[in-house]
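One structure is given here, and the rest of the page talks about it.
Per chain, numbering begins at 1; letters A, B, ... match sequence-line order. Treat the numbers as computed from the prediction; the structure is a model and nothing was measured.
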2 protein chains.
Amino acid sequence: MPKKVDHQQRRTLIADALMRVAADQGLEAVSLRHVATAAGVSAGMVQHYFRTKDEMMAFALSVVRERSQIRVTEAVAGLGENPSPRLLLRTMIAALLPLDEHTRDDGRVALAFLAYTAVRPSAASRLREDTAQLTAFIAGVLPDGRGDAAATGLLALMEGLGVHLLGGQYTAEQALTALDAHLDLLFG
Amino acid sequence: MPKKVDHQQRRTLIADALMRVAADQGLEAVSLRHVATAAGVSAGMVQHYFRTKDEMMAFALSVVRERSQIRVTEAVAGLGENPSPRLLLRTMIAALLPLDEHTRDDGRVALAFLAYTAVRPSAASRLREDTAQLTAFIAGVLPDGRGDAAATGLLALMEGLGVHLLGGQYTAEQALTALDAHLDLLFG
DNA sequence: GCCTTTCCGATGCAACTGCAATGTCACCGG
DNA sequence: CCGGTGACATTGCAGTTGCATCGGAAAGGC
């Protein structure tokens, strides 16, 4: 067998470059050549690993999902044995919010993909699964009285906080105090 | 003076076409020629009324803001003399949510612009003013105990519900019951 | 040493982009 | 009635886009 290369690694390398471009120039600035130069490789190589641009986008989207999932599980893991439901939720949500300059980039990419999938419904099914899963989990952790409505509301609050953080309308402290206030209401 | 034309009307006509294109193909499909054909005019005319593409985008964004503001005031006006704070808030927020197929288009455009301004901070200042204004108003209407945190939380909840509605994660009923549940908590 | 298979850089192409320049026509004040 | 001014349409241009194609390089099995 000839030259062997770790395909997955190459693909994530390219996806990383894509996310870098998307984070500070927007998704519409993502082109084969742009991503290639951002990754420090030739445009031909990008084509070698992604036969079409849509394939590249889809992969990058999957990377974004995966990353945020990892962020959540890591944050929760740092919480010890069995934390209180409220602390658990707060940590999970805080882990998903674009609070510092670094996670803001990821948030920008996620927002861009949100607008992207709003127009291409084919790619949205994965996101639907994710939120369904999250709502189910949150609903299980919330105090008994609250129905699914409280879970969907909490998730929506998170999303909205994220969007407003990215837009610069809210500061990190504002977002966190708003989150805590909401949790006060839910657990009060 | 030669032929006189209502500039403002022509510009909104073009902006309407832009929003139509953006609503079902995304903002990155917005080009001078696309918008022109969608508006049924020549590309030259678009250039006549907007010297640059950015100027056209900025105008369309202002139209979006204006429209949603009108929608809110209309919905509130249909409420009679002095409605209860809770009903007032519910109507305002419901008026801003992409609940039916028609307002979904506007929502998609708004979401696209959100991602757009997240990358071009220059255009975001107007949005910042809008949300600041809204939070101030909401904070004034909420029960006394609640601070600004409750207002920012409610606004974030609205934004998140809108995003999830556009993504197809929530149905209109789910969104509304989540909103009502949150209002229950706030006014409980 | 060779040969096969994978890798990947280079080039080309048709379509598209924003924008400028140029042109044509309608209108209206004088 | 006529000259000029604003309202458009057309065309051209340089740059970019996604994608297909070709060619060589590299590396392991025989």
Members besides A:Leu114 in its Ile/Leu/Val/Met/Phe/Trp/Tyr cluster (side-chain heavy atoms under 4.5 Å): A:Leu111, A:Leu127, A:Val163, A:Leu166, B:Leu111, B:Leu114, B:Leu127, B:Val163, B:Leu166
Tell me which residues in residues 8-24 of chain B put a heavy atom below 4.0 Å from DNA chain D, sorted by number, or none. B:Arg10
Suppose we screen for side-chain contact (heavy atoms from CB on, under 4.5 Å). Which residues come up paired with A:Pro121, at least two apart in sequence or across chains? none
Rounded to 10°, the angle between the first-five-pair and last-five-pair axes of the helix from C:dG1-D:dC30 to C:dG30-D:dC1 is 10°
Roughly how many Å is it from NE2 in B:His48 to P in C:dG23, rounded to a whole number? 18 Å
All ring-ring contact (aromatic ring centres under 6.0 Å, His included) counterparts of A:His7, not counting sequence neighbours: A:Tyr49
Taken in chain and number order and not counting sequence neighbours, the residues that satisfy salt bridge (charged side-chain N to carboxylate O under 4.0 Å, His left out) with B:Arg10 are none
Across all chains, not counting sequence neighbours, the side-chain hydrogen bond (donor to acceptor under 3.5 Å, both in side chains) partners of B:Arg108 are B:Asp105
Could A:Arg11 and A:Asp16 be called an ion pair, given the rule that one side-chain N must be under 4.0 Å from one carboxylate O? no
Check every strand shown and say whether A:Tyr49 touches a base, only sugar-phosphate, or nothing at a heavy-atom separation below 4.0 Å. sugar-phosphate
Can you measure from CG (B:Leu183) to CD1 (B:Ile93) and round to the nearest 0.5 angstrom? 6.0 Å
Summary of side chain to side chain donor-acceptor pair (under 3.5 Å) pairs that have at least one residue in residues 79-104 of chain A, sequence neighbours excluded: A:Arg86-A:Asp184, A:Arg90-A:Asp180, A:Asp100-A:Thr103
Under the side chain to side chain donor-acceptor pair (under 3.5 Å) definition, can you give me all pairs with a residue in residues 121-143 of chain A, not counting sequence neighbours? A:Arg65-A:Asp130
For DNA chain C, whose closest nucleotide is more 5', that of B:Gly44 or that of A:Ala43? A:Ala43
Rounding to 0.5 Å, atoms CG (B:Leu89) and CE (B:Met92) come to a distance of 6.5 Å
Show every side chain to side chain donor-acceptor pair (under 3.5 Å) that has at least one partner inside residues 21-41 of chain B, sequence neighbours left out. A:Arg120-B:Glu28
Nearest 0.5 angstrom please: A:Leu155 CG to B:Gln169 CD, how far? 8.5 Å
Whole angstrom value for the distance that separates P of C:dC8 from CG of A:Asp6: 11 Å
Specify the separation, in whole Å, of atom CZ of B:Phe50 and atom P of C:dG18. 14 Å
Rounding to an integer number of Å, can you tell me how far A:Gln47 CD sits from C:dG12 C1'? 12 Å
For C:dC7, take OP1 and OP2 only and decide whether either is under 4.0 Å from a side-chain N or O of A:His7. yes
With a 4.0 Å heavy-atom cut-off, tell me which residues in residues 52-60 of chain A come close to DNA chain D, sorted by residue number. A:Thr52, A:Lys53
Would you name the heavy atoms of A:Ala15 and A:Val63 that are closest together and state the gap between them? CB-CG2, 4.2 Å
Interatomic distance, A:Gln25 CD vs D:dT16 C1' [rounded to whole Å]: 14 Å
Going by number, which of residues 26-41 of chain A have a non-hydrogen atom under 4.0 Å from DNA chain D? A:Val30, A:Ser31, A:Leu32, A:Arg33, A:His34
